[in-house]
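In what follows, a structure is listed as structure tokens, so that the remarks can point back to it.
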Amino acid sequence: MSAPANPFKQALAQGETQIGCWMSLADPACAEIMGTAGFDWLVVDGEHAPNDIRSIRDQLIALAASASHPVVRVPIGETWIIKQVLDAGAQTVLVPIVETADQARELVRACQYPPHGTRGVGAMAARATMFGSTSDYIQTADQEICLLVQVENRAGMEALDEILTVDGIDGVFIGPADLSTDMGFQGDSAAPEVRAVIADALKRIKAAGKAPGILGVTQESTQSYLDMGAQFLAVGIDVLILANHARALAEQWKEKAKP
């Protein structure tokens, strides 16, 4: 039995637009609920959410019956954590703060088994192989792993064209909050100067044959990024969806209840 096909990787390769959402609540029950919403992909955020390898694993389990594809963002681009999330069953990994082509090449190697890569060969005892039941996993896993790298500061932007030449990278995700802050706009990703850099980057990523991705948290920014050609586009964050709806609901009915 071979490693399962990665439908998200296939969709990106075919140029299909994939609409996703961020998950920062770090809870398997919330992940299961998000998995019923109809998103193409969902991010299990290990960088800024209070996740560890066990909670990441539990969210992967919660999404196993969902059509939404889980994308695990690791906290840092280190071989040890990439190995753990792959063994836990992730097939798509998002790595923050990629600044050089050499770094990107090492990330590719971390996602592949020897002799081409450095991924440790221990998955036969892990969830990735359904505990040894996927007999040909080691022989077939590499081609189903999808690697997404985040370019989110000036150093990364300066190295973008070189990063885009690295084989094994499926997509490049622009981090608007980090980028705008590094450019001196303190998180204001709507600043015209930041928008211009983002638009240019998305265009260059697509021209290089990689999938361009980004996160929008307002209707205006999300539509702008879609118009710019973002292919894998996150349109919200579970925390903000809950918080904003709850606040609006409370305000609505408290207003109606006033004498």
Inset, instruction - Go through the steps for Glu106 and Arg109 under the test side-chain contact (heavy atoms from CB on, under 4.5 Å), then give the verdict. - result: CA-CA 5 Å; Glu106 285 305 307; Arg109 285 171 52 78; 3.7 Å; yes
Legend entry - Stepwise side-chain contact (heavy atoms from CB on, under 4.5 Å) test for Glu152 and Val98: CA-CA 8 Å; Glu152 47 190 338; Val98 175; over 6 Å; no
Inset, instruction - Determine, stepwise, if the pair Val71 / Val93 fulfils side-chain contact (heavy atoms from CB on, under 4.5 Å). - result: CA-CA 6 Å; Val71 174; Val93 179; over 6 Å; no
Inset, instruction - Run the numbers on Ile198 and Ile214 for side-chain contact (heavy atoms from CB on, under 4.5 Å), then give the verdict. - result: CA-CA 9 Å; Ile198 291 173; Ile214 198 166; 3.6 Å; yes
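Put simply, the side chain of Gln231 gets close to the backbone of Glu16: a donor and an acceptor are under 3.5 Å apart. Distance alone, capped at 3.5 Å, places no donor-acceptor pair between the Asp58 side chain and the Pro28 backbone. With hydrogens and angles ignored, the 3.5 Å screen pairs a side-chain donor or acceptor of Asn244 with a backbone N or O of Leu240. Under the 3.5 Å distance criterion, the side-chain polar atoms of Ser180 are left unmatched by any main-chain donor or acceptor of Gln186. Remark: the backbone N or O of Gly35 is paired with a side-chain donor or acceptor of Ser66 at under 3.5 angstrom. No side-chain donor-acceptor contact under 3.5 Å links Lys206 to the backbone of Pro212. Here the side chain of Gln91 pairs no donor or acceptor atom with the backbone of Ala3 at under 3.5 angstrom. Remark: the backbone N or O of Thr134 is not paired with any side-chain donor or acceptor of Thr129 at under 3.5 angstrom. In this structure, Thr100 contributes its side chain and Gln103 its backbone to a donor-acceptor pair below 3.5 Å.
Once rounded to the nearest 0.5 Å, the distance linking CD1 of Ile169 with CG of Leu107 reads 7.5 Å. Interatomic distance, Leu202 CG to Leu233 CG, rounded to the nearest 0.5 Å: 9.5 Å. Between the CD1 atom in Ile82 and the SG atom in Cys111 there is a gap of 5.0 Å [rounded to 0.5 Å]. Interatomic distance, CE of Met228 versus NZ of Lys203, reported as 12.5 Å (0.5 Å rounding). Rounding to the nearest 0.5 angstrom, the gap separating the CD1 atom in Ile97 from the CD1 atom in Ile76 is 7.5 Å. A distance of 6.0 Å separates CG of Leu226 from CD1 of Ile19, quoted to the nearest 0.5 Å.
The closest side-chain heavy-atom distance from Met157 to Leu179 is below 4.5 Å. The shortest distance between side-chain heavy atoms of Cys21 and Ile237 does not fall below 4.5 Å. At least one side-chain heavy atom of Val239 sits under 4.5 Å from a side-chain heavy atom of Leu25. At a threshold of 4.5 Å between non-hydrogen side-chain atoms, the residues His69 and Leu42 do not count as touching. In this structure the side chain of Val217 never reaches within 4.5 angstrom of the side chain of Ser189, judged on heavy atoms. Looking at heavy atoms from C-beta onward, Met23 lies in side-chain contact with Asp238 at the 4.5 angstrom threshold. Contact check for Arg127 versus Ile61: side-chain heavy atoms found under the 4.5 Å cut-off.
Using modelled atom types, one finds no donor on one side chain facing an acceptor on the other under 3.5 Å when comparing His48 with Ser24. Under 3.5 Å, the side chains of Asn6 and Thr92 contain a donor-acceptor pair of N or O atoms. A donor-acceptor contact under 3.5 angstrom links the side chains of Ser221 and Thr218, judged on distance only. With hydrogens and angles left out, the side-chain atoms of Ser55 and Asn51 include a donor and acceptor closer than 3.5 Å. Side-chain contact annotation: Gln150 with Arg73, donor-acceptor N/O pair under 3.5 Å present.
Ring-plane geometry between Phe232 and Phe173 is classed as tilted, the angle between the planes lying from 30 to 60 degrees on a 0 to 90 degree scale. Aromatic ring orientation, Trp41 versus Phe8: tilted (interplanar angle from 30° to 60°).
Surrounding CD of Gln219 are at most 12 heavy atoms belonging to other residues, nucleotides or ligands under 6.0 Å away. A 6.0 Å sphere centred on CE of Met1 holds no more than 12 heavy atoms belonging to other residues, nucleotides or ligands. In the displayed structure, Glu47 atom CD is contacted under 6.0 Å by more than 12 heavy atoms of other residues, nucleotides or ligands.
Looking at Arg204 and Asp161, a side-chain N of the basic residue comes within less than 4.0 Å of a carboxylate O on the acidic one, giving a salt bridge. A salt bridge links Arg195 with Glu220: the distance from a Lys NZ or Arg NE/NH1/NH2 to an Asp or Glu carboxylate oxygen falls below 4.0 Å. Salt bridge annotation for Asp87-Arg119: present, with a cationic side-chain nitrogen under 4.0 angstrom from a carboxylate oxygen. Salt bridge status for Arg105 with Asp102: present, with a side-chain N to carboxylate O gap under 4.0 Å.
A pairwise comparison of heavy atoms in Tyr113 and Ala141 identifies CE1-CB, 4.0 Å as the closest pair. Between Tyr225 and Pro176, the shortest heavy-atom distance links the atoms OH-CB, 3.7 Å. Minimum interatomic distance between Gly120 and Lys83 (heavy atoms only, all atoms of both residues): N-CD, 3.7 Å. The two atoms that bring Phe131 and Ala125 nearest to each other are CD2-O, 4.0 Å, heavy atoms only. Minimum heavy-atom separation, Ala29 to Asp27: N-OD2, 2.9 Å. The two atoms that bring Glu162 and Thr165 nearest to each other are O-OG1, 2.6 Å, heavy atoms only.
For the side-chain contact (heavy atoms from CB on, under 4.5 Å) criterion with Val172, the lone passing option out of Leu148, Val166, Ile205 is Ile205.
Residues Leu249 and Ile241 are members of separate hydrophobic clusters, defined by side-chain heavy-atom contacts under 4.5 angstrom among Ile, Leu, Val, Met, Phe, Trp and Tyr. Hydrophobic clustering (ILVMFWY, side-chain heavy atoms < 4.5 Å, transitive): Val151 and Trp22 are in distinct clusters. Under the 4.5 Å side-chain heavy-atom criterion for ILVMFWY residues, a single connected hydrophobic cluster contains both Val235 and Met34. Following chains of ILVMFWY side-chain contacts shorter than 4.5 Å, one can reach Val85 starting from Leu60, so the two form part of one hydrophobic cluster. Put simply, Leu86 and Val95 are part of the same group of oily side chains (I, L, V, M, F, W, Y) that touch within less than 4.5 Å, one to the next.
With a 6.0 Å cutoff to the six-membered ring centre and a 45° limit on the axis angle, Lys256 counts as a cation-pi contact of Trp253.
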